[in-house]
Amino acid sequence: MPTDPAPGTLYVVGTPIGNLEDITFRAVRILQSVNLIAAEDTRHTGKLLQHFHIKTPQISYHEHNRHSRIPELLDYLSHGQAIALVSDAGMPGISDPGYELVKACVDAGLAVVPIPGASAAITALSAAGLPTDKFVFEGFLPAKGQKRREYLASIQAESRSLIFYESPHRLRETLQDLATVWGSDRQIVLARELTKIYEEFWRGTIAEAIAHYSQREPQGEYTLIAAGVPPTQPQLTEEQLKAELLAMINQGISRSQASRELAKITSLPRRQLYQLALSLAANSE
């Protein structure tokens, strides 16, 4: 492996999402040895560089100056300079304009090298306790309520775990919209302050999340992981459901437990199945 960055290369460098110890040795080396660091917020990145005694000059690259800055950065690269692209936290290009610079480099035939680091989405998913074999990252939902509800309706039937980012001042509105569009019984995990001192994972249903945050002021940036819709099960008739419940009850399982087990299999509401189980008892009397 080379000890110095290659000329004319854009390095996409992952930085800590909270805890500074999560930066890699390789990321520090690259940041120390490139010619220039393109940072989303030079003041924010300056604190990181100061902590690791990195004196590489910075240039701003963010949402509001990307159109004018991309040609400038491409010119530096084409003249043999090595540049590190960083965001305020995590991997550049994830919910920030880094993608556009990377695409411009690829289109220009310039080398792009990723330096892996932390990502809030993957960090939250790994500890959420929801399925991780298949998932979809949705980034930030639309800010306006009507568009947000329309978008949620478009992904309502998604079977994979869904990952969102949300700001504290919109969290309550988003939870209400989730309940309105998806129903309040879906499982959700809210992760905040990831890798920091006050890191927290909250787990429960959407209804429980609404109740929790009606009593508590949202603080910090949130990563939300929502359960996907289970694969469609064959629809059983009411008589078939009663037969399944009766078979369980005859094995000595309580009506409540039988309803709970059948709910897992059919994805039907437990209360609906429990009412059927009670009707069996009434019919047998």
Side-chain angles (χ1 to χ4, degrees), residues 1-126 135-140 163 165 193-196 221 223:
M1 293 292 293
T3 56
D4 296 315
T9 299
L10 178 71
Y11 290 87
V12 183
V13 181
T15 56
I17 58 175
N19 193 318
L20 294 181
E21 293 181 0
D22 290 336
I23 199 168
T24 67
F25 291 118
R26 187 182 179 201
V28 171
R29 178 175 63 79
I30 292 296
L31 292 174
Q32 286 174 333
S33 51
V34 291
N35 301 106
L36 191 64
I37 297 172
E40 184 177 3
D41 183 335
T42 55
R43 292 170 299 179
H44 182 91
T45 300
K47 297 175 183 177
L48 175 71
L49 301 182
Q50 184 178 17
H51 181 83
F52 289 103
H53 308 290
I54 298 170
K55 301 185 183 301
T56 306
Q58 296 186 75
I59 186 172
S60 65
Y61 172 76
H62 50 70
E63 181 72 24
H64 304 294
N65 73 355
R66 66 190 190 281
H67 295 301
S68 60
R69 193 68 89 190
I70 286 176
E72 185 178 354
L73 294 172
L74 291 180
D75 185 60
Y76 285 137
L77 290 164
S78 64
H79 284 84
Q81 294 203 36
I83 298 176
L85 172 66
V86 299
S87 65
D88 287 349
M91 284 300 295
I94 309 301
S95 290
D96 69 35
Y99 153 75
E100 296 179 41
L101 176 58
V102 170
K103 184 178 185 303
C105 288
V106 171
D107 291 344
L110 296 166
V112 179
V113 175
I115 310 297
S119 167
I122 301 302
T123 300
L125 179 66
S126 70
F135 60 90
V136 56
F137 175 65
E138 293 290 342
F140 286 96
I163 308 172
Y165 289 158
E193 298 294 279
L194 289 169
T195 77
K196 301 177 184 177
E221 297 300 317
T223 302

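All heavy atoms count here, side chains included; hydrogens, waters and symmetry mates do not. This structure is a prediction, so every number in the text was calculated from the model and none was measured. By convention here, the first residue in the shown sequence is residue 1.
For Ser60 and Asn65, the side-chain atoms include at least one donor-acceptor pair closer than 3.5 Å.
Between Glu100 and His67, the closest side-chain pair of non-hydrogen atoms falls below 4.5 Å. For the pair Thr123/Ile17, a side-chain contact is recorded, criterion being any heavy-atom separation below 4.5 Å from C-beta on. With contacts defined as side-chain heavy-atom distances shorter than 4.5 Å, the pair Val13/Leu85 does not qualify. The shortest side-chain heavy-atom distance between Leu74 and Leu110 falls under the 4.5 Å cut-off. Looking only at side-chain heavy atoms (C-beta outward), Val112 and Val106 come within less than 4.5 Å of each other. Two residues are said to be in side-chain contact when any heavy atoms from C-beta on lie closer than 4.5 Å; Ile163 and Leu125 meet this criterion. Side-chain contact check for Pro116 versus Thr24: every heavy-atom pair is 4.5 Å or farther apart.
Tyr165 places a side-chain N or O within 3.5 Å of a backbone atom of Ala121 that can act as its donor or acceptor partner. No donor-acceptor pair closer than 3.5 Å links the side chain of Thr42 to the backbone N or O of Ala39. A donor-acceptor pair under 3.5 Å is formed between the side chain of Tyr61 and the backbone N or O of Pro97. A donor-acceptor contact shorter than 3.5 Å is absent between the side chain of His51 and the backbone of Lys47. Judged by distance alone, with hydrogens and angles left aside, the side-chain atoms of Glu40 form no donor-acceptor pair with the main-chain N or O of His62 at under 3.5 Å.
Around CZ of Phe137, the count of heavy atoms belonging to other residues, nucleotides or ligands within 6.0 Å exceeds 12. At most 12 non-hydrogen atoms from other residues, nucleotides or ligands lie less than 6.0 angstrom from OH of Tyr99.
Identified under the side-chain hydrogen bond (donor to acceptor under 3.5 Å, both in side chains) test for residues 11-22, with sequence neighbours left out: none.
Taken to the nearest 0.5 Å, the SG atom of Cys105 stands 8.0 Å off from the CG atom of Leu73. Taken from NZ in Lys55 to CD in Gln32, the straight-line distance is 10.5 Å, to the nearest 0.5 Å. Atoms CG and CD, on Asp41 and Gln58 in that order, are 8.5 Å from each other to the nearest 0.5 Å. For the atom pair Ile122 CD1 and Met91 CE, the distance stands at 11.5 Å (nearest 0.5 Å). Taking CG of Leu20 as the start and NZ of Lys196 as the end, the distance is 10.0 Å to the nearest 0.5 Å. Considering CG of Leu101 and CD1 of Ile83, their distance stands at 7.5 Å, rounded to 0.5 Å.
Contact record, Ala124 with Leu194: CB-CD1, 4.0 Å, taken as the closest heavy-atom pair. Considering every non-hydrogen atom in both Ala82 and Ala6, the closest pair reads CB-O, 3.6 Å. Ser95 and Gly139 make their closest contact through OG-CA, 3.8 Å (heavy atoms, listed as atom of the first residue, atom of the second, distance). Contact between Val34 and Ala84 at its shortest, heavy atoms only, is CG2-CB, 3.9 Å. In plain terms, the two heavy atoms of Pro5 and Ser33 that are nearest each other are CD-OG, 3.0 Å. Heavy-atom minimum distance, Gly80 versus Asn35: O-OD1, 4.4 Å.
Remark: Phe52 pairs with no residue by the ring pair (Phe, Tyr, Trp, His ring centres under 6.0 Å) rule, at least two apart or across chains. Listed by chain and residue number, Glu138, Glu158, Arg160, Leu162 satisfy the side-chain contact (heavy atoms from CB on, under 4.5 Å) test with Val136 (two or more places apart in sequence, or in another chain).
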Step by step, would you call Val86 with Ile37 a side-chain contact (heavy atoms from CB on, under 4.5 Å)? CA-CA 7 Å; Val86 299; Ile37 297 172; 3.8 Å; yes

For Ile115 and Val113: C-alpha separation, side-chain torsions, deciding distance, then whether side-chain contact (heavy atoms from CB on, under 4.5 Å) applies. CA-CA 7 Å; Ile115 310 297; Val113 175; 4.2 Å; yes

Please evaluate residues Tyr76 and Leu36 with respect to the criterion side-chain contact (heavy atoms from CB on, under 4.5 Å), reporting the C-alpha separation (whole Å), side-chain torsions for both, the decisive distance (0.1 Å), and the verdict. CA-CA 9 Å; Tyr76 285 137; Leu36 191 64; 3.9 Å; yes

Evaluate the criterion side-chain contact (heavy atoms from CB on, under 4.5 Å) for residue pair Leu31 and Thr56; output intermediate values, then yes/no. CA-CA 7 Å; Leu31 292 174; Thr56 306; 5.6 Å; no

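Salt bridge annotation for Glu72-Arg69: present, with a cationic side-chain nitrogen under 4.0 angstrom from a carboxylate oxygen.
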